[in-house]
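What follows is one structure encoded as structure tokens, with my remarks underneath.
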2 protein chains.
Amino acid sequence: MSHYTRDFEGILRAAGYRVTPQRIQILDALCDEGGHTSLAAIYLRLQRIDPTIDKSTVYRALKLFVTLGLVVSADNGDGEVYYEIARVQPHHHLVCRQCGQQQEIDHDAIQLMAEAIYQQYGFQVNTDHLMLNGICAGCRLPHQ
Amino acid sequence: MSHYTRDFEGILRAAGYRVTPQRIQILDALCDEGGHTSLAAIYLRLQRIDPTIDKSTVYRALKLFVTLGLVVSADNGDGEVYYEIARVQPHHHLVCRQCGQQQEIDHDAIQLMAEAIYQQYGFQVNTDHLMLNGICAGCRLPHQ
DNA sequence: GTGATTGTTGCAAAAATTGGCAATAAGAGG
DNA sequence: CCTCTTATTGCCAATTTTTGCAACAATCAC
Ligand SMILES: [Mn+2]
Ligand SMILES: [Mn+2]
Ligand SMILES: [Zn+2]
Ligand SMILES: [Zn+2]
């Protein structure tokens, strides 16, 4: 509860939702883990703190947080969905089709695309957390 | 089997997979539906043609097709995953956060981004089927 | 603080998705 | 056409995710 970068409780209340210990603990878990965290990992961690918390509560909380924009989700393609506290400045990822390596990129990198789409379609792209597939520099060049 | 734009059977065989009536029927269903089609819709359709086909077969076939690039998948955010025959020229979608409307855009629209990322990171973006969130023209301007 | 209101939780059941496995059948070779 | 190999299927069970609902508790008004 000390490491929040935003007023999560205020956002929840402003949207008509209640601040419960379960939700706080889930946000705490996400903050502590830092990077991409699976639901299973969050649940496992909560088990130690409070074994009465139910898995369905975690499912529901994560879904709510994503809807409210407090959390972003990611689907690597490896079947598991990951969650992460939404930063003030969004970021995205490059995922190599060959080696699977992931690389984080800044939101700026997609601004050109957003502008081009706005010009052409009048649509204001405002994407949270893209996973862009492709071939990384290492895999593109044959290792000689 | 007549409306295929690509030699699906050849691609399957070349990759060491077999061409089975189940896989053919699933591809047929995707071709006929045309747009984004859910697994449930495909399964329902197959039921009428051949009630012995199992749902797990559909799951496995769709996963395989996506891996081979014959089919692209999409996650609107509404919880259901959609599938669609991969076209020769990829396309993407703009999804309005407000009204939920979807708009198709051409692959060209993201080429600028791909180039920028290549310049900056050496990563060759080669994305199939993006779902870009944002605000559509209709929702951005107050309806007067 | 007390009580009323109503969003939230844990539980259990339902539904969706995945995985193991023996029977089947596609594809290759003769 | 027949035989062999082995990928694939349907079936079933395991696992994961969603949903309905009564008990609970966060919030608000007083
Ligand atoms: Mn991320
Ligand atoms: Mn599409
Ligand atoms: Zn790579
Ligand atoms: Zn809209």
Side-chain angles (χ1 to χ4, degrees), chain A residues 1 7-30 37-68 70-71 73-83, chain B residues 1 7-29 36-68 70-71 73-83:
Chain A
M1 44 184 69
D7 179 21
F8 290 157
E9 307 196 358
I11 295 172
L12 279 170
R13 288 209 185 86
Y17 297 99
R18 293 180 182 174
V19 177
T20 67
Q22 292 89 341
R23 287 177 178 164
I24 297 285
Q25 284 171 5
I26 293 166
L27 286 171
D28 283 345
L30 283 163
T37 314
S38 70
L39 185 141
I42 297 172
Y43 180 64
L44 193 69
R45 181 196 169 100
L46 295 196
Q47 287 284 72
R48 301 197 201 94
I49 304 172
D50 176 3
T52 69
I53 197 168
D54 195 74
K55 205 178 268 188
S56 66
T57 300
V58 185
Y59 276 103
R60 286 186 281 225
L62 287 174
K63 190 169 289 185
L64 174 66
F65 296 159
V66 170
T67 302
L68 292 179
L70 304 182
V71 167
S73 63
D75 188 355
N76 296 15
D78 67 351
E80 203 158 19
V81 178
Y82 293 94
Y83 299 90
Chain B
M1 44 184 66
D7 178 21
F8 291 156
E9 308 197 358
I11 296 174
L12 279 171
R13 288 206 186 87
Y17 296 99
R18 293 181 182 172
V19 177
T20 67
Q22 291 89 339
R23 287 177 177 163
I24 296 285
Q25 283 170 6
I26 292 166
L27 286 171
D28 282 344
H36 292 180
T37 313
S38 70
L39 183 141
I42 296 171
Y43 180 63
L44 193 69
R45 180 195 169 101
L46 295 198
Q47 288 284 74
R48 301 199 201 92
I49 304 172
D50 176 3
T52 68
I53 197 167
D54 194 74
K55 204 178 271 190
S56 66
T57 300
V58 185
Y59 277 103
R60 288 186 282 227
L62 288 174
K63 189 170 290 184
L64 173 65
F65 295 159
V66 170
T67 302
L68 292 179
L70 302 182
V71 167
S73 62
D75 187 355
N76 295 15
D78 68 349
E80 202 157 21
V81 177
Y82 294 93
Y83 299 89

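Computation of the quantities below employed the complete heavy-atom set of this structure, encompassing side-chain atoms and omitting hydrogens, waters and symmetry-equivalent molecules. Just so it is clear: chains get the letters A, B, ... in the order the sequence lines come, proteins before strands, and each one is counted from 1. Bear in mind that the values here come from a model prediction, so they are computed numbers and not experimental data.
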Completion exercise
Taken to the nearest 0.5 Å, the spacing of Q22(B) CD from T52(B) OG1 works out to 7.0 Å

Completion exercise
To the nearest angstrom, the CZ-C1' distance between R13(B) and dT8(D) comes to 14 Å

Fill in the blank from the handout: Correct closest heavy-atom pair for I24(A) and E9(A) would be CD1-OE2, 3.2 Å

Completion exercise
With the side chain defined as heavy atoms from C-beta on, R18(A) is closest, among dT9(C), dT5(C), dA26(C), to dT5(C)

Handout entry: Whole-Å gap separating C1' (dT17(C)) and OH (Y83(B))
Key = 10 Å

Exercise for the section: To the nearest Å, give me how far apart CD (E9(A)) and C1' (dA26(D)) are. Expected result: 12 Å

Practice task
Starting from C1' on dA7(D), measure out to CG on L12(B) and report it in whole angstrom.
Solution key: 12 Å

Exercise for the section: May I ask you to evaluate whether Q22(B) reaches the phosphate of dG10(D), defined as a side-chain N or O under 4.0 Å from OP1 or OP2? Expected result: yes

Handout entry: Over all atoms of both residues, closest heavy-atom pair of Y17(B) and L64(B)
Key = CZ-CD1, 3.5 Å

Handout entry: Difference in axis direction between the ends of the helix from dG1(C)-dC30(D) to dG30(C)-dC1(D), five pairs, 10°
Key = 50°

Practice task
Go through K63(B) and Y59(B) one step at a time and tell me if the side chain to side chain contact (heavy atoms under 4.5 Å, CB included) criterion holds.
Solution key: CA-CA 6 Å; K63(B) 189 170 290 184; Y59(B) 277 103; over 6 Å; no

Fill in the blank from the handout: In short, I26(B) meets T57(B) closest at the heavy-atom pair CD1-O, 4.3 Å

Fill in the blank from the handout: Heavy atoms of D75(B) and E80(B) approach each other most closely as OD1-O, 3.9 Å

Handout entry: Integer-rounded Å distance: dT17(D) C1' and L39(A) CG
Key = 9 Å

Completion exercise
Contact check, residues 41-66 of chain A vs DNA chain C, heavy-atom distance under 4.0 Å, returns T52(A), I53(A), D54(A), S56(A), T57(A), R60(A)

Problem - Gap between atoms CD1 and C1', on I26(A) and dT9(C) respectively (whole Å) - result: 11 Å

Handout entry: Shortest non-hydrogen separation from V58(A) to Y43(A) and the atoms involved
Key = CG2-CD1, 4.1 Å

Exercise for the section: Could you pull out the closest heavy-atom pair between I49(B) and Q25(B), with the gap in Å? Expected result: CG2-NE2, 4.0 Å

Practice task
Could you pick out which residue, P21(B) or G16(A), lies toward the 5' side of DNA chain C when each is mapped onto its nearest nucleotide?
Solution key: G16(A)

Practice task
List the steps, then state whether side chain to side chain contact (heavy atoms under 4.5 Å, CB included) holds for F8(A) with R23(A).
Solution key: CA-CA 10 Å; F8(A) 290 157; R23(A) 287 177 178 164; over 6 Å; no

